[in-house]
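Single-structure report; data block below.
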Protein chains: 2
Amino acid sequence: MTIENIIEEKNLKLTVARRELLGILHAHNRPLCFEDIKEKINMDKATFYRNISKFEEEAIVNSFESNDKKRYYEMQEFPHAHFICNTCNAIECLKNIEPINLEGYIITDIIFKGICKGCKHEEE
Amino acid sequence: MTIENIIEEKNLKLTVARRELLGILHAHNRPLCFEDIKEKINMDKATFYRNISKFEEEAIVNSFESNDKKRYYEMQEFPHAHFICNTCNAIECLKNIEPINLEGYIITDIIFKGICKGCKHEEE
DNA sequence: TTCTTATGTGCAACTTAGTCGCATTTTATA
DNA sequence: TATAAAATGCGACTAAGTTGCACATAAGAA
Ligand SMILES: [Mn+2]
Ligand SMILES: [Mn+2]
Ligand SMILES: [Zn+2]
Ligand SMILES: [Zn+2]
């Protein structure tokens, strides 16, 4: 699925900014925040946020808050949980954990916080 | 355990601001953000944040980020997960779910996001 | 290919959470 | 009551995110 196909499928205009932005999210397979992305793009931050919102509306991108008061964005694949390390601030996609359900609730997102494998090792 | 005892136990000075702040967190048994608290207190926001940080260092208070880019604070009891509703933005403390562990990681915090019982009902 | 228009973009101004340095006040203790 | 360490208020600052508006551009019609 190319970026052009994704945009066309959702009936969005294919602009320079959108191609650039989706290209970056597609190329990195980890969640990125505005700070990570801004140095890689030319568009104004208003354009960044307006496009990101549109991508989220259209379920092209999803996002979550981290520890650092920043929102992180990634291409939406299948839903999966994230682990945020309190020590090194790394964010990991947990794509292989078994599903959790809470009676009566609909869960769309799970964020675990704590100490990642790497940092746990160094602590010893 | 009174507020005075808690402060004394951690060797902190018992100031007017600290008594006020802990009193509010103690009285509400739900997580509160600065916006919730500011109308109830007299202290400057710098004092608020400095004290909250100290309380977190001393494990009197714990906190997490919500959907709204605000950090929510609560008195630290036993560790428990939280559910944040994407529809009504309510935050619920999940004190009765069975523990989850991820091989190799230390989990200190779990945040579920999705649709709460109430909002799920209304959807139907 | 050119025209038309809805849509997208850049810019500047704004809001709000949170941080920091510094002068002044308050607490705990002797 | 005197003292010193710690806490506070204030003002300035940073950075994420939002909004209104004038101008630019993508996409479809002619
Ligand atoms: Mn992910
Ligand atoms: Mn709680
Ligand atoms: Zn780590
Ligand atoms: Zn709800």
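In what follows, chains carry the letters A, B, and so on, assigned in the order in which the sequence lines appear, proteins first and then strands, with residues in each chain numbered from 1.
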Interatomic distance where [atom1] belongs to [X] and [atom2] belongs to [N] [whole Å]:
| X | N | atom1 | atom2 | answer |
| --- | --- | --- | --- | --- |
| A/N42 | C/dC11 | CG | C1' | 15 Å |
| B/L32 | C/dA17 | CG | C1' | 16 Å |
| B/I7 | D/dA6 | CD1 | C1' | 13 Å |
| B/E58 | D/dA7 | CD | P | 10 Å |
| B/F55 | D/dA6 | CZ | C1' | 14 Å |
| B/M43 | C/dG18 | CE | P | 15 Å |
| B/R18 | C/dT25 | CZ | C1' | 14 Å |
| B/D68 | C/dT16 | CG | P | 13 Å |

| message | Pairing donors with acceptors under 3.5 angstrom, does anything connect the side chains of B/E74 and B/N62? | response | yes
query = If you measure only the distance, is there a donor-acceptor pair under 3.5 Å linking the side chains of B/D44 and B/T47?
reply = no
field: SB check B/K95 B/E77 (cutoff 4.0 Å)
entry: yes
Please determine if B/E4 and B/R19 form a salt bridge, counting it only when a charged side-chain N lies under 4.0 Å from a carboxylate O.
yes
> Should the pair B/F34 and B/F48 be assigned to parallel (<30°), tilted (30 to 60°) or perpendicular (>60°) ring geometry?
Replying inline: tilted
CG (A/L12) and CD (A/E57) are apart, to the nearest 0.5 Å, by 9.0 Å
Show me the donor-acceptor pairs, under 3.5 Å and distance only, between side chains in residues 21-31 of chain B and residues at least two apart or in other chains.
residue	atom	partner	partner atom	Å
B/H28	ND1	B/I24	O	3.0

Is there a side-chain contact between B/N51 and the phosphate of D/dT8, meaning an N or O under 4.0 Å from OP1 or OP2? yes
Can you give me the N/O atom pairs linking the protein to nucleotides 26-29 of chain C at distances under 3.5 Å, or say none if there are none?
residue	atom	partner	partner atom	Å
C/dT27	O2	B/K13	NZ	3.0
C/dA28	OP1	B/L14	N	3.0

Result for side-chain hydrogen bond (donor to acceptor under 3.5 Å, both in side chains) between B/S63 and one of B/Q76, B/K70, B/E56 points to B/E56
Under a 4.0 Å heavy-atom criterion, the protein footprint on nucleotides 11-22 of chain D, written with B, S and -, is -----BBBBB--
Could you check, using the six-membered ring where one of them is a Trp, whether B/F112 and A/Y105 have ring centers closer than 6.0 angstrom?
no
